[in-house]
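Worksheet: one structure, shown below.
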Protein chains: 2
Amino acid sequence: MARAQTLSRNQQIVLDIIEKAKGPLKAYSILFNVQKKGINAPQQIYRALDKLIGMGKIHKIESKNAFVACRSSDCEISKATAFSICESCEMVDEISDTKLSKYLSGFNHKKGMKFKRFNLEFFGICKKCKKD
Amino acid sequence: MARAQTLSRNQQIVLDIIEKAKGPLKAYSILFNVQKKGINAPQQIYRALDKLIGMGKIHKIESKNAFVACRSSDCEISKATAFSICESCEMVDEISDTKLSKYLSGFNHKKGMKFKRFNLEFFGICKKCKKD
DNA sequence: TCAAATATGTTATATTATAACAAACGTTAT
DNA sequence: ATAACGTTTGTTATAATATAACATATTTGA
């Protein structure tokens, strides 16, 4: 049975870094940032990332191979994730929209597949970048 | 100005393979399949893939780092893509649903970002795999 | 407390993707 | 036709992302 509440040492270290970050972090950039804490190998990062994803503490931005902290309590263990991604500054924002989430969760593919999970990524230019 | 209609030699070779495939193909598996045709290097594959994506002939399945042929004329140069992905057999189906597409195209993030493009990936177990 | 599960450390390697440069090919305008 | 331009190709090298495999340690729970 999964524990899901207490984090191991490495998991906590990795989560801390991701939560402090302003934007999505890549696995190797996390690695470089924690080498002073005694974590030396990619495996250690990827293992922590996997567990954190499993717990719903972080999400992977698939189009960027990068990781962000979960800012929403709505995405129950990451069954329904949506993000807005700025193509200019690389900013990622988690979208927490009940209507959207319900709409998509209720969407079932005609060919008879019942979905367990979805991930949605929107791309555009964010407000801040538009000004420049 | 982009030509967009005629494909170069390598682009055609790569597209043919992807179109013939039953499922998503990875870049290096494409490479191995075309070495008899004189394509030897990953660069050549990735370049063709990039162009084909730009033309809307193929899509990248981000969660799998794999590529599928576009089966829908609705996703205008890949501005609005949706897929259903079987977590058991790895099958990928492009979802062509006008309502869904309109709903998502009209969705604008509250924080003032106007979206240019989205990609949606649904995960589950397909009909065929459920039977087994 | 002992067994099982989970987490760690480590080395090596697999997989995915891009950089950089030189040469060939195809348009198109003159 | 040919010069100029953009696009495509071929090629070598390397960067970036991710997993395999194995030994050990730590935590948890019956």
Side-chain angles (χ1 to χ4, degrees), chain A residues 1-18 21 23-68 77 87 90 92 119 121, chain B residues 1-18 21 23-55 57-68 87 90 92 119 121:
Chain A
M1 189 68 86
R3 266 181 316 161
Q5 27 268 47
T6 54
L7 298 180
S8 76
R9 196 187 95 96
N10 288 1
Q11 288 158 15
Q12 190 64 62
I13 290 171
V14 170
L15 179 58
D16 283 349
I17 298 238
I18 295 176
L25 290 183
K26 306 210 149 212
Y28 276 74
S29 113
I30 295 169
L31 175 57
F32 298 140
N33 273 287
V34 299
Q35 286 186 324
K36 48 199 160 201
K37 300 209 171 148
I39 297 182
N40 307 299
Q43 249 319 348
Q44 296 172 287
I45 303 299
Y46 282 104
R47 283 199 287 227
L49 290 172
D50 282 350
K51 294 292 177 179
L52 291 168
I53 288 170
M55 296 172 193
K57 300 278 190 189
I58 65 171
H59 303 298
K60 180 172 188 181
I61 307 301
E62 295 287 358
S63 61
K64 300 174 78 68
N65 297 318
F67 303 85
V68 295
I77 315 292
E87 289 175 315
E90 313 265 282
V92 170
N119 179 56
E121 299 182 3
Chain B
M1 186 70 87
R3 267 182 314 162
Q5 27 269 46
T6 54
L7 299 180
S8 77
R9 196 187 93 97
N10 288 1
Q11 287 159 16
Q12 191 64 61
I13 290 172
V14 169
L15 179 58
D16 284 349
I17 298 239
I18 295 175
L25 290 184
K26 305 210 149 212
Y28 276 75
S29 112
I30 295 169
L31 175 57
F32 297 141
N33 272 287
V34 299
Q35 286 185 323
K36 48 199 161 200
K37 299 208 172 148
I39 298 181
N40 306 300
Q43 247 322 346
Q44 296 173 287
I45 303 298
Y46 282 104
R47 282 199 288 229
L49 290 172
D50 282 350
K51 294 291 177 180
L52 291 169
I53 288 170
M55 295 172 192
K57 300 278 188 188
I58 65 171
H59 303 299
K60 180 171 186 181
I61 306 302
E62 295 287 357
S63 62
K64 299 172 80 66
N65 298 318
F67 304 85
V68 296
E87 288 174 314
E90 313 266 282
V92 170
N119 179 55
E121 299 182 1

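Numbers restart at 1 for each chain; the letters A, B, ... are given by sequence-line order, proteins then strands.
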**Request:** Sequence neighbours left out, what passes side-chain hydrogen bond (donor to acceptor under 3.5 Å, both in side chains) with A/S63? Give chain and number order.
**Result:** A/E121
**Complete:** The side-chain contact (heavy atoms from CB on, under 4.5 Å) partners of B/Q43 (sequence neighbours excluded) come to B/R47
**Request:** Measure from CD1 on B/I13 to C1' on D/dT9 and round the result to the nearest Å.
**Result:** 11 Å
**Message:** Checking contacts here: which listed nucleotide (C/dT11, D/dT8, C/dA17) is nearest the side-chain heavy atoms of B/A27?
**Reply:** C/dA17
**Prompt:** Picking from A/L49, A/V14, A/I18, A/L52, what satisfies side-chain contact (heavy atoms from CB on, under 4.5 Å) with A/K57?
**Reply:** A/L52
**Request:** Rounded to the nearest angstrom, tell me the gap between atom CG in B/L31 and atom P in C/dT18.
**Result:** 15 Å
Check the interface with nucleotides 12-14 of chain C: list each N/O to N/O pair with the protein under 3.5 Å, or write none.
none

**Request:** State, yes or no, whether a side-chain contact exists between A/V34 and A/Q44 at a heavy-atom distance under 4.5 Å.
**Result:** no
**Request:** May I have the distance from B/Q35 (atom CD) to D/dT11 (atom P), rounded to whole angstrom?
**Result:** 12 Å
**Asked** Within the structure, does a side-chain N or O atom of B/S8 lie under 4.0 Å from either OP1 or OP2 of C/dC25?
**Response** no
**Message:** As a test of reading the structure: which of D/dT11, C/dA17, C/dG9 is closest to the side chain of A/Q44, going by heavy atoms?
**Reply:** C/dG9
**Message:** Run the salt bridge (Lys or Arg N to Asp or Glu O under 4.0 Å) test against A/K64 and tell me which residues pass, sequence neighbours left out.
**Reply:** A/E90
**Request:** Specify the angle, to 10°, made by the local axes at the two ends of the helix from C/dT1-D/dA30 to C/dT30-D/dA1 when five pairs are taken at each end.
**Result:** 40°
**Request:** Check every atom of D/dA18, D/dT11, C/dT10 against the side chain of B/N40 and return the nucleotide holding the closest atom.
**Result:** D/dT11
**Message:** Can you confirm whether A/L31 sits close enough to A/K26 that some side-chain heavy atom of one is under 4.5 Å from a side-chain heavy atom of the other?
**Reply:** no
**Prompt:** C/dA7 P sits how many Å from A/L49 CG, rounded?
**Reply:** 14 Å
**Request:** Compare all side-chain heavy atoms of B/H59 with those of B/I53 and state whether any distance is below 4.5 angstrom.
**Result:** no
**Prompt:** Can you check the A/K37 NZ to C/dT8 P distance for me, whole Å?
**Reply:** 14 Å
**Message:** Please determine whether a side-chain nitrogen or oxygen atom of A/N65 lies at a distance below 4.0 Å from atom OP1 or OP2 of D/dA18.
**Reply:** yes
**Request:** Could you tell me whether B/K60 contacts a base, only the sugar-phosphate backbone, or nothing, with contacts defined as non-hydrogen atoms closer than 4.0 Å?
**Result:** sugar-phosphate
**Asked** Between B/K51 and B/N10, is any pair of side-chain heavy atoms under 4.5 Å apart?
**Response** no
**Request:** For residues B/V68 and B/I58, determine if any side-chain heavy atom of one lies less than 4.5 Å from a side-chain heavy atom of the other.
**Result:** no
**Prompt:** To the nearest angstrom, how far is B/L25 atom CG from C/dT15 atom C1'?
**Reply:** 16 Å
**Asked** With nearest nucleotides of DNA chain C determined for B/R47 and B/F67 from heavy-atom distances, which residue corresponds to the more 5′ nucleotide?
**Response** B/F67
**For atom CD1 of B/I45 and atom P of D/dT8, their distance in whole Å** = 15 Å
**Message:** Looking at C/dT16, I'd like to know if its phosphate oxygens (OP1 or OP2) sit under 4.0 Å from a side-chain N or O belonging to B/K26.
**Reply:** yes
**Separation of D/dT17 P from B/E62 CD (nearest whole Å)** = 14 Å
**Request:** Would you please name every residue forming a side-chain hydrogen bond (donor to acceptor under 3.5 Å, both in side chains) with A/D16, sequence neighbours left out?
**Result:** A/Q12
